[in-house]
Amino acid sequence: LAESTVRPSRYRDDEVKYERYQLRRELDQHRFLALGKVHTPVNYWNDEFHHGRVLFPSIGRPAAFSGFIPIHDLGVRFGGENIGPLDLRFDLMVGSGSEAAESNRPFRDGVRSFTAYVSAQPSDGLMIGAGLYRERLRLGRTGVLVQDFADHASHHGAVGSMSAMGAMSTHVSHTDGGHVHGPGAHLMAAPPLAPRTLGYDLATISVLWENASWSLHGEGTASRLVDGNDFTQYLVVGRRLGETTVYGLADSVSRHSQAD
(Lines give C-alpha, C1' and ligand atoms only; values in the text may rest on other atoms or scores of the structure.)
Protein backbone atom coordinates (compact mmCIF):
# COMPACT_ATOMS: atom_id res chain seq x y z
CA LEU A 1 0.00 0.00 0.00
CA ALA A 2 1.27 3.48 -0.89
CA GLU A 3 -0.50 6.83 -0.54
CA SER A 4 0.84 10.29 -1.30
CA THR A 5 -0.57 13.79 -1.67
CA VAL A 6 0.44 16.74 -3.85
CA ARG A 7 -0.15 20.38 -2.88
CA PRO A 8 1.14 23.70 -4.29
CA SER A 9 4.07 25.23 -2.40
CA ARG A 10 1.93 28.14 -1.20
CA TYR A 11 0.12 25.71 1.12
CA ARG A 12 3.09 23.79 2.52
CA ASP A 13 6.85 23.40 2.10
CA ASP A 14 6.81 19.84 0.80
CA GLU A 15 4.66 19.76 -2.34
CA VAL A 16 4.71 15.94 -2.45
CA LYS A 17 4.02 14.21 0.85
CA TYR A 18 4.13 10.47 1.52
CA GLU A 19 1.16 9.82 3.77
CA ARG A 20 1.41 6.03 4.01
CA TYR A 21 3.58 3.25 2.64
CA GLN A 22 3.64 -0.26 3.98
CA LEU A 23 4.30 -3.89 3.25
CA ARG A 24 1.79 -6.27 4.82
CA ARG A 25 2.05 -10.02 5.23
CA GLU A 26 -1.06 -12.06 6.07
CA LEU A 27 0.12 -14.65 8.61
CA ASP A 28 -3.22 -16.50 8.59
CA GLN A 29 -6.88 -15.63 8.11
CA HIS A 30 -6.91 -13.53 11.29
CA ARG A 31 -3.41 -12.13 11.87
CA PHE A 32 -1.03 -9.92 9.91
CA LEU A 33 2.38 -8.26 10.14
CA ALA A 34 3.01 -4.86 8.54
CA LEU A 35 6.10 -2.68 8.10
CA GLY A 36 6.08 0.98 7.11
CA LYS A 37 4.29 4.27 7.71
CA VAL A 38 0.71 3.78 8.88
CA HIS A 39 -2.18 5.58 10.53
CA THR A 40 -1.41 5.08 14.23
CA PRO A 41 -3.85 2.36 15.39
CA VAL A 42 -4.63 3.94 18.76
CA ASN A 43 -8.35 4.56 18.24
CA TYR A 44 -11.14 3.68 15.82
CA TRP A 45 -11.36 6.92 13.83
CA ASN A 46 -7.69 7.30 12.98
CA ASP A 47 -7.30 3.75 11.73
CA GLU A 48 -10.71 3.32 10.08
CA PHE A 49 -11.39 6.53 8.17
CA HIS A 50 -9.29 7.75 5.29
CA HIS A 51 -7.91 11.22 6.00
CA GLY A 52 -9.54 12.73 2.92
CA ARG A 53 -12.06 15.24 4.25
CA VAL A 54 -14.75 14.20 1.77
CA LEU A 55 -14.79 10.70 3.35
CA PHE A 56 -15.26 11.85 6.96
CA PRO A 57 -18.65 11.02 8.49
CA SER A 58 -18.75 14.65 9.70
CA ILE A 59 -17.70 17.87 7.94
CA GLY A 60 -14.47 18.15 9.92
CA ARG A 61 -12.17 16.01 11.99
CA PRO A 62 -12.76 16.09 15.79
CA ALA A 63 -10.59 18.43 17.87
CA ALA A 64 -8.72 15.45 19.33
CA PHE A 65 -6.71 15.45 16.10
CA SER A 66 -5.53 19.05 16.57
CA GLY A 67 -2.74 18.16 18.95
CA PHE A 68 -3.48 15.03 20.98
CA ILE A 69 -3.72 11.94 18.76
CA PRO A 70 -0.53 10.97 16.85
CA ILE A 71 -1.82 10.65 13.29
CA HIS A 72 1.06 8.64 11.79
CA ASP A 73 3.76 6.31 13.02
CA LEU A 74 6.58 4.53 11.25
CA GLY A 75 7.55 1.05 12.36
CA VAL A 76 6.40 -2.54 12.77
CA ARG A 77 2.76 -3.46 13.38
CA PHE A 78 1.30 -6.82 14.41
CA GLY A 79 -2.46 -7.17 14.45
CA GLY A 80 -5.47 -9.42 14.20
CA GLU A 81 -9.17 -9.13 13.42
CA ASN A 82 -12.40 -11.15 13.38
CA ILE A 83 -11.15 -13.46 16.13
CA GLY A 84 -13.64 -15.62 18.01
CA PRO A 85 -17.34 -15.07 18.72
CA LEU A 86 -16.71 -11.46 19.88
CA ASP A 87 -14.93 -10.51 16.63
CA LEU A 88 -11.90 -9.44 18.62
CA ARG A 89 -9.44 -7.10 17.01
CA PHE A 90 -6.00 -6.12 18.32
CA ASP A 91 -3.01 -4.06 17.26
CA LEU A 92 0.51 -3.87 18.70
CA MET A 93 3.05 -1.49 17.20
CA VAL A 94 6.58 -0.34 17.94
CA GLY A 95 7.58 2.72 16.01
CA SER A 96 9.94 5.59 15.40
CA GLY A 97 7.56 8.14 16.91
CA SER A 98 5.46 10.87 15.36
CA GLU A 99 8.44 13.12 14.54
CA ALA A 100 10.24 10.42 12.57
CA ALA A 101 6.99 9.47 10.84
CA GLU A 102 6.52 13.00 9.51
CA SER A 103 10.16 13.38 8.45
CA ASN A 104 10.21 9.83 7.01
CA ARG A 105 13.38 8.89 8.89
CA PRO A 106 12.67 5.47 10.39
CA PHE A 107 14.20 4.67 13.77
CA ARG A 108 16.62 7.59 13.57
CA ASP A 109 16.62 7.60 17.38
CA GLY A 110 15.66 3.98 17.90
CA VAL A 111 12.25 2.80 19.09
CA ARG A 112 10.45 5.82 20.52
CA SER A 113 6.76 4.86 20.50
CA PHE A 114 4.52 1.98 21.48
CA THR A 115 0.85 1.51 20.56
CA ALA A 116 -1.70 -1.06 21.74
CA TYR A 117 -5.36 -1.30 20.79
CA VAL A 118 -8.07 -3.90 21.32
CA SER A 119 -11.77 -3.98 20.43
CA ALA A 120 -14.69 -6.40 20.60
CA GLN A 121 -18.29 -6.64 19.39
CA PRO A 122 -20.33 -8.01 22.31
CA SER A 123 -23.61 -7.74 20.36
CA ASP A 124 -24.87 -6.95 16.88
CA GLY A 125 -24.31 -3.31 16.03
CA LEU A 126 -22.11 -2.58 19.07
CA MET A 127 -18.31 -2.22 19.16
CA ILE A 128 -16.18 -1.20 22.15
CA GLY A 129 -12.45 -0.50 21.93
CA ALA A 130 -9.58 0.90 24.01
CA GLY A 131 -6.07 2.00 23.13
CA LEU A 132 -2.80 3.11 24.72
CA TYR A 133 0.05 5.12 23.21
CA ARG A 134 3.43 6.02 24.69
CA GLU A 135 6.14 8.12 23.05
CA ARG A 136 9.51 9.50 24.15
CA LEU A 137 9.65 13.02 22.69
CA ARG A 138 13.11 14.28 21.80
CA LEU A 139 14.48 17.50 23.27
CA GLY A 140 17.16 19.84 21.98
CA ARG A 141 19.99 21.04 24.18
CA THR A 142 17.94 24.05 25.35
CA GLY A 143 15.11 21.80 26.49
CA VAL A 144 12.85 22.71 23.56
CA LEU A 145 11.06 19.89 21.79
CA VAL A 146 12.53 19.01 18.41
CA GLN A 147 9.71 18.51 15.89
CA ASP A 148 9.94 18.57 12.09
CA PHE A 149 6.30 18.50 11.09
CA ALA A 150 4.73 21.83 12.04
CA ASP A 151 2.51 21.96 8.95
CA HIS A 152 1.07 18.46 9.34
CA ALA A 153 -2.16 19.38 11.10
CA SER A 154 -3.01 22.20 8.73
CA HIS A 155 -2.74 19.60 5.96
CA HIS A 156 -5.15 17.37 7.87
CA GLY A 157 -7.58 20.10 8.80
CA ALA A 158 -6.45 20.70 12.38
CA VAL A 159 -6.25 24.02 14.20
CA GLY A 160 -3.48 26.40 13.10
CA SER A 161 -0.32 24.55 12.18
CA MET A 162 -0.41 22.05 15.04
CA SER A 163 0.18 18.50 13.97
CA ALA A 164 -0.70 15.25 15.68
CA MET A 165 1.84 16.27 18.28
CA GLY A 166 2.38 19.68 16.70
CA ALA A 167 1.01 21.59 19.66
CA MET A 168 4.53 21.03 21.01
CA SER A 169 6.27 22.19 17.85
CA THR A 170 9.16 24.65 17.84
CA HIS A 171 7.95 26.17 14.56
CA VAL A 172 7.62 29.75 15.83
CA SER A 173 6.12 31.40 12.75
CA HIS A 174 2.69 30.43 14.09
CA THR A 175 2.81 32.44 17.30
CA ASP A 176 1.02 35.48 18.68
CA GLY A 177 3.38 38.15 19.93
CA GLY A 178 6.06 35.54 20.57
CA HIS A 179 3.75 33.34 22.62
CA VAL A 180 3.18 29.82 21.36
CA HIS A 181 -0.32 28.50 21.93
CA GLY A 182 -1.41 24.93 22.58
CA PRO A 183 -0.98 22.29 25.25
CA GLY A 184 2.81 22.22 24.81
CA ALA A 185 3.35 25.98 24.76
CA HIS A 186 4.97 26.02 28.21
CA LEU A 187 7.78 23.80 26.91
CA MET A 188 9.19 26.67 24.87
CA ALA A 189 10.57 28.11 28.11
CA ALA A 190 12.13 24.88 29.35
CA PRO A 191 15.39 25.40 31.29
CA PRO A 192 18.75 24.58 29.69
CA LEU A 193 19.18 21.50 31.89
CA ALA A 194 15.84 19.94 30.93
CA PRO A 195 15.93 16.15 30.34
CA ARG A 196 16.76 14.91 26.87
CA THR A 197 13.39 13.23 26.46
CA LEU A 198 9.87 13.66 27.72
CA GLY A 199 7.20 11.02 27.96
CA TYR A 200 3.83 11.52 26.27
CA ASP A 201 1.03 9.17 27.36
CA LEU A 202 -2.35 8.77 25.69
CA ALA A 203 -5.33 6.54 26.49
CA THR A 204 -8.41 6.23 24.27
CA ILE A 205 -11.82 4.62 24.38
CA SER A 206 -14.12 4.08 21.40
CA VAL A 207 -17.79 3.08 21.27
CA LEU A 208 -19.84 2.48 18.12
CA TRP A 209 -23.51 1.54 17.91
CA GLU A 210 -25.87 1.39 14.98
CA ASN A 211 -29.21 0.01 13.86
CA ALA A 212 -31.31 0.42 10.73
CA SER A 213 -32.05 4.09 11.42
CA TRP A 214 -29.36 5.53 13.68
CA SER A 215 -25.61 5.36 14.23
CA LEU A 216 -23.60 6.63 17.19
CA HIS A 217 -19.81 6.93 17.27
CA GLY A 218 -18.22 8.30 20.42
CA GLU A 219 -14.58 8.48 21.49
CA GLY A 220 -12.66 9.96 24.38
CA THR A 221 -8.96 10.52 25.05
CA ALA A 222 -6.89 11.31 28.12
CA SER A 223 -3.30 12.44 27.60
CA ARG A 224 -0.45 13.53 29.85
CA LEU A 225 2.62 15.64 29.14
CA VAL A 226 4.88 17.30 31.75
CA ASP A 227 2.55 19.24 34.11
CA GLY A 228 -0.88 18.80 32.59
CA ASN A 229 -3.58 16.39 31.55
CA ASP A 230 -5.77 16.86 28.50
CA PHE A 231 -9.16 15.32 27.85
CA THR A 232 -11.13 15.21 24.61
CA GLN A 233 -14.55 13.79 23.84
CA TYR A 234 -16.63 13.71 20.72
CA LEU A 235 -19.85 12.10 19.54
CA VAL A 236 -20.93 11.66 15.93
CA VAL A 237 -24.65 10.95 15.47
CA GLY A 238 -26.00 9.75 12.14
CA ARG A 239 -29.64 9.55 11.04
CA ARG A 240 -30.48 7.57 7.93
CA LEU A 241 -33.11 9.11 5.67
CA GLY A 242 -33.60 6.74 2.77
CA GLU A 243 -30.31 6.57 0.85
CA THR A 244 -28.98 9.67 2.66
CA THR A 245 -27.42 9.87 6.12
CA VAL A 246 -27.33 13.16 8.03
CA TYR A 247 -24.52 13.51 10.60
CA GLY A 248 -23.98 15.77 13.58
CA LEU A 249 -20.81 16.23 15.65
CA ALA A 250 -20.52 17.27 19.32
CA ASP A 251 -16.93 17.98 20.38
CA SER A 252 -15.07 19.18 23.49
CA VAL A 253 -11.50 19.61 24.78
CA SER A 254 -10.42 20.38 28.35
CA ARG A 255 -7.03 20.84 30.00
CA HIS A 256 -6.06 20.43 33.66
CA SER A 257 -2.61 21.36 34.97
CA GLN A 258 -1.14 19.85 38.12
CA ALA A 259 -1.38 23.27 39.74
CA ASP A 260 -5.19 23.30 39.35
Side-chain angles (χ1 to χ4, degrees), residues 1 18-25 27 30-48 51 64-81 83 88-120 128-139 145-149 152-153 156 162-169 183-184 187 194-206 219-232:
L1 169 68
Y18 300 102
E19 300 293 344
R20 287 186 295 170
Y21 48 87
Q22 60 177 295
L23 293 174
R24 173 164 162 159
R25 169 73 173 177
L27 302 178
H30 297 298
R31 298 166 183 83
F32 66 87
L33 185 67
L35 173 66
K37 182 177 181 179
V38 303
H39 294 160
T40 309
V42 70
N43 69 335
Y44 179 83
W45 180 297
N46 197 50
D47 195 43
E48 183 70 17
H51 293 172
F65 293 90
S66 65
F68 306 97
I69 294 176
I71 296 176
H72 290 126
D73 207 344
L74 181 57
V76 180
R77 175 181 178 182
F78 172 60
E81 53 193 7
I83 301 173
L88 290 175
R89 171 185 168 184
F90 73 89
D91 274 289
L92 298 172
M93 182 169 183
V94 291
S96 309
S98 50
E99 178 201 355
E102 298 313 317
S103 58
N104 292 301
R105 287 177 282 188
F107 298 106
R108 182 182 65 176
D109 298 304
V111 174
R112 303 193 71 84
S113 64
F114 173 79
T115 306
Y117 179 81
V118 62
S119 68
I128 301 173
L132 294 172
Y133 177 84
R134 168 77 175 177
E135 180 173 358
R136 293 183 298 117
L137 299 170
R138 188 162 57 94
L139 289 166
L145 283 167
V146 177
Q147 299 287 14
D148 297 332
F149 48 94
H152 182 65
H156 283 293
M162 298 178 186
S163 72
M165 301 291 290
M168 298 160 285
S169 172
L187 294 178
R196 299 294 295 176
T197 62
L198 289 176
Y200 178 74
D201 299 294
L202 172 72
T204 71
I205 186 168
S206 307
E219 293 195 290
T221 73
S223 57
R224 179 179 62 188
L225 176 67
V226 188
D227 64 347
N229 298 300
D230 300 294
F231 303 91
T232 72

CG/L33 to CZ/R25 distance, rounded to the nearest 0.5 angstrom?
10.0 Å
Closest non-hydrogen contact found for S113 with S96 is OG-N, 4.0 Å
Sidechain-backbone polar pair: T40 side chain, P70 backbone, donor-acceptor under 3.5 Å
yes
Provide the closest heavy-atom pair for G67 versus Y200 in the form atom of the first, atom of the second, distance.
O-OH, 4.4 Å
Before giving the answer on side chain to side chain contact (heavy atoms under 4.5 Å, CB included), spell out for H39 and H72 the whole-Å C-alpha distance, their side-chain angles and the decisive distance to 0.1 Å.
CA-CA 5 Å; H39 294 160; H72 290 126; 3.5 Å; yes
So how far is it from L202 CG to R134 CZ, rounded to the nearest 0.5 Å?
11.5 Å
Which distance, rounded to the nearest 0.5 Å, do you find between the CZ of F90 and the CD1 of I83?
5.0 Å
Nearest 0.5 angstrom please: R136 CZ to R112 CZ, how far?
4.5 Å
Check: S223 main-chain N/O paired with D201 side-chain donor or acceptor under 3.5 Å
no
In Å, rounded to the nearest 0.5 Å, how long is the span from CD1 of I128 to OG of S119?
10.0 Å
Once you round to the nearest 0.5 Å, how far does CD1 of I69 lie from CG of N43?
4.0 Å
Side-chain (N229) to main-chain (R224) donor-acceptor, under 3.5 angstrom:
no
In short, A120 meets L88 closest at the heavy-atom pair CB-CD2, 3.5 Å
Go through the structure and list residues passing ring-ring contact (aromatic ring centres under 6.0 Å, His included) with F114, not counting sequence neighbours.
none
Step-by-step side chain to side chain contact (heavy atoms under 4.5 Å, CB included) determination, T204 to Y133:
CA-CA 9 Å; T204 71; Y133 177 84; over 6 Å; no
Quick check: does any side chain N or O of T232 sit under 3.5 Å from a backbone N or O of G220, one acting as donor and the other as acceptor?
no
Set of residues satisfying ring-ring contact (aromatic ring centres under 6.0 Å, His included) with respect to F32, sequence neighbours excluded:
none
Grab the two heavy atoms, one from G75 and one from M93, that are nearest each other, plus how far apart they are.
N-CE, 3.6 Å
Could you tell me which non-hydrogen atom of K37 sits nearest to which non-hydrogen atom of L74, and how far apart they are?
N-CD1, 3.4 Å
What pair of heavy atoms forms the shortest contact from Y117 to G129, and how long is it?
OH-CA, 3.7 Å
